[in-house]
Amino acid sequence: MYPLDQCKKEITAELQKVVTKYHYNEEIRLEIPPEDMGDFAFPCFSLAPLFKKSPIEIAKEIAAKISKNKWIKTVEVKGGYINFFINTTSLTTPTIQSILDKKDTYGYLKKKKKKVIIEHTSANPNGPLHVGRARNPIIGDTLVRIFKAAGYAVESQFYLDDIGKQVAILAWGVNNIRHECIPISENKKADHQYVGFYQIANERMNSDETVAQNISDIVKKLEHGDYKTIEMIHASYAPVLDGIKQSLLRININIDTYIPESTFMYDKSVERIIKKLKQTLYCHEQDDAFYLDMESFGIQGRNTKFFFLRNDGTTLYATRDIAYHQWKAEHADILVNVLGEDHKLESKQVRIALELLQTKILPQVVFYAFVSLPGGKMSTRRGRVVYLDDLIDECIERAYEEVKKRRTNELTDSQMRKIAEIVGIGSLRYNIIKVQPEKDIMFKWEDALNFEGNAVPFIQYAHARACSILGKTKTEKHEFEAAVLTHASEIALIKQLARFPLIIDDACNNFKPHTIANYLYETASAFNQFYRDCPVLSDENKELRSSRLTLVDATRIVLHNALDLLGITSPEEM
RNA sequence: GGGCGUGUGGCCUAGCCUGGAUAAGGCACCGGCCUUCUAAGUCGGUAACCGCGGGUUCGAAUCCCGCCACGUCCGCCA
């Protein structure tokens, strides 16, 4: 257990002890008061009706009975609140010790012996990733990192469409459209080269019935396991998928497993599911196709029919998705999906079907709103997009300009390039993750690439500053004496470092990756204030100097660990 | 028409789940701080009827109802 956990627990226990004498049995929930009013607060308002006294009197009465201990330094009553000021010397030593001992794993929670499958990205391999959906891999990968830190065994999965209409369109295009008819893409990556085939094929499909027929023939052959067709499809999308993987790798994302949809066709599990679904009370037939009537499950709208089998006997995306989820439920204890908000209905339908099939584990879903452009929605089909690769390039380029502006005289070009890469990629990830997923974001270059204020350079800079100080004292031993760190900025920074494990716990339990970004900003800010107030290297007092050095080192570790949770590299200089 | 989500200073965001003490930050704007560990920093200032209207409560940005705006979905697409 981490020091601050221990502290909170003991304050709660102390309160509990006093309060049970009054037959108050509600759970004690401590709050964090506004600045300068203490470290923890207990509001007494809800006790008023029980006590038949004013909250202020109650607070006074209870506060008088609180006995001070290792953690509780002073107790104050203000308004209807009991404010606790903790004994920082009790917190400082174990916190710093814990950071120095655990280093890269400081903040990590104890092992849970539970397996989590986090599905994210799962983009159709018919073109490059675009910014509209860029939140998906970033949120997904951040959750993967957070769950790992929270003690879970995690596997990330990309559900790969290798059997549906979208890849069939791409494959038809690749095989039937001449290269000269495709608009030339400047980017040499295969996903950029191939997307034109998909776009033109889409147009032809919509205007030419024979093409539409050819494509649906491909889908049918796929479902029947026609070997040659499968090979053809695979050859068409493989280079595109490879391009997608490369893009992900550029932003520090590696997905453990790619699960092809076809898996569940060929192992007959989709067939079994169809059979079971047909037996349910909610199944109906319409023109030889089958659907579940979702009306009694609270699904409303123009159409409450959830089709799972076409009239030609082929399956649909959602049908295969049900099979996939059943399979996942067999292989994990917790399932997490990261999906665009356009999947809300489908996800609900799949959930209902899974319930009908008595699936053991249902997925927790994190939905995100699309990133839009000032002119409207992005679309691969219509080619109205900003591609992720272009955004990455632009981020790095702009970061390079910023580095050059500041460090041309001190660093070599390759050093500056390296820093630009770290800052550029970090900027991209940070800007997307710092906003809660369900909030709409309008993509504007000037905002995305603003390098000031609450942005990643601020945090990375704080890390680089810490490294710079430490770099000058490599040979020194960092002795540590908690009692000498008494400056308000030092105390504030230590408390901030102590909070990190609680932040991880909260971010994990509530699927809120953006809280890590907030924490990082606050930590960097606390460090900058310390940096301003407490000179480290120039201090004459040896004990103070080395204790501060240790605090700098501890901050460096926490910033590094938290940045790592966001998949962002911590530069040693900037 | 219906479902789901979002609405917080000029702009962007946190807080909302679990109601509480002067609504917290950033950008922009104005004014200070580099002979001292990288000023991508720091200090101060201007700026908010928390979309609108009701309700619950001792107390509402937070919970409930209605309305408005935006996003998204309501395909034998994925």
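As the structure is a computational prediction, the values presented were derived from the model and not from experiment. Hydrogens, waters and symmetry mates are skipped; everything else that's a heavy atom, side chains included, is used. Sequence lines set the chain letters: A, B, ... in the order given, protein chains first and strands last, and positions in each chain run from 1.
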Using a cut-off of 4.0 Å on non-hydrogen atoms, how would the nucleic acid contact of [X] be classed: base, sugar-phosphate, or nothing?
X        : value
A/Glu346 : base
A/Gln286 : base
A/Ala289 : base
A/Asp321 : nothing
A/Asp312 : nothing
A/Glu261 : sugar-phosphate
A/Pro33  : base

Residue pair [X] / [Y], side-chain donor-acceptor N/O under 3.5 Å:
X        : Y        : answer
A/Tyr430 : A/Asn454 : yes
A/Tyr282 : A/Glu295 : no
A/Asn337 : A/His325 : yes

With [X], which residues qualify under side chain to side chain donor-acceptor pair (under 3.5 Å), at least two apart?
X        : answer
A/Arg532 : none
A/Glu522 : A/Arg499
A/Asp217 : A/Gln213

> Would you say the base of B/G1 and the side-chain of A/Arg302 have a donor-acceptor pair closer than 3.5 Å?
Replying inline: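 A donor-acceptor contact between them is present.
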> Does any N or O donor sit under 3.5 Å from an N or O acceptor when you compare the side chain of A/Asn83 with the base of B/A21?
Replying inline: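 Such a pair is found, so the answer is yes.
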>> Does anything in residues 503-512 of chain A form a salt bridge (charged side-chain N to carboxylate O under 4.0 Å, His left out)? List the pairs, not counting sequence neighbours.
In response: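 Passing the test, one end in residues 503-512 of chain A: no pairs.
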Does [X] place a side-chain N or O at less than 4.0 Å from the phosphate oxygens OP1/OP2 of [N]?
X        : N     : answer
A/Arg406 : B/A40 : yes
A/Arg310 : B/G75 : no
A/Asn528 : B/U42 : yes

> Which residues in residues 546-555 of chain A have at least one heavy atom lying under 4.0 Å from any atom of RNA chain B?
Replying inline: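 Those residues whose heavy atoms fall under 4.0 Å from RNA chain B, taken from residues 546-555 of chain A, amount to none.
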Of the listed nucleotides [options], the one nearest the side chain of [X]:
X        : options             : value
A/Val435 : B/A21, B/A40, B/U13 : B/U13
A/His514 : B/A40, B/U13, B/G15 : B/G15
A/Phe451 : B/C77, B/A40, B/G15 : B/A40
A/Lys512 : B/C77, B/C43, B/C16 : B/C16

> Less than 4.0 Å between a side-chain N and a carboxylate O, is that true for A/Lys405 and A/Glu402?
Replying inline: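 Yes.
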> Is there a Watson-Crick or G-U wobble partner for B/C33 with both distances under 3.5 Å, and which nucleotide is it?
Replying inline: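 Pairing partner, where one exists within any strand: B/G41.
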Output a table of nitrogen or oxygen pairs between the protein and nucleotides 64-69 of chain B separated by less than 3.5 Å.
none

Under-3.5 Å N/O pairs linking protein and nucleotides 55-63 of chain B:
none

> In chain order, what residues pass the side-chain contact (heavy atoms from CB on, under 4.5 Å) check against A/Thr569, with sequence neighbours excluded?
Replying inline: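 So A/Thr569 forms a side-chain contact (heavy atoms from CB on, under 4.5 Å) with A/Asn252, A/Ile422.
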>> Walk along nucleotides 23-38 of chain B from 5' to 3' and tag each nucleotide B, S or - by protein heavy-atom contact under 4.0 Å, base first, then sugar-phosphate.
In response: --SSS---------BB
Side chain of [X], backbone of [Y]: donor and acceptor closer than 3.5 Å?
X        : Y        : result
A/Arg135 : A/Ile432 : no
A/His463 : A/His560 : no
A/Arg320 : A/Val270 : no

>> Tell me the interatomic distance from A/Ile352, atom CD1, to B/G3, atom P, rounded to whole angstroms.
In response: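 Interatomic distance, CD1 of A/Ile352 to P of B/G3: 15 Å.
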>> Run the ring pair (Phe, Tyr, Trp, His ring centres under 6.0 Å) test against A/Tyr324 and tell me which residues pass, sequence neighbours left out.
In response: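 With neighbours one apart ignored, the set is A/Tyr159, A/Phe264.
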>> Distance to the ring centre below 6.0 angstrom and angle to the axis at most 45 degrees; does that hold for A/Lys434 and A/Tyr521?
In response: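 No, A/Lys434 does not lie over the aromatic ring of A/Tyr521.
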Contacts under 3.5 Å, N or O only, protein and nucleotides 5-7 of chain B:
| residue | atom | partner | partner atom | Å |
| --- | --- | --- | --- | --- |
| B/G5 | O4' | A/Lys344 | NZ | 3.1 |
| B/G7 | OP1 | A/Lys439 | NZ | 2.9 |

>> So, using salt bridge (Lys or Arg N to Asp or Glu O under 4.0 Å) as the criterion, who are the partners of A/Arg351 when residues are at least two apart?
In response: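 None.
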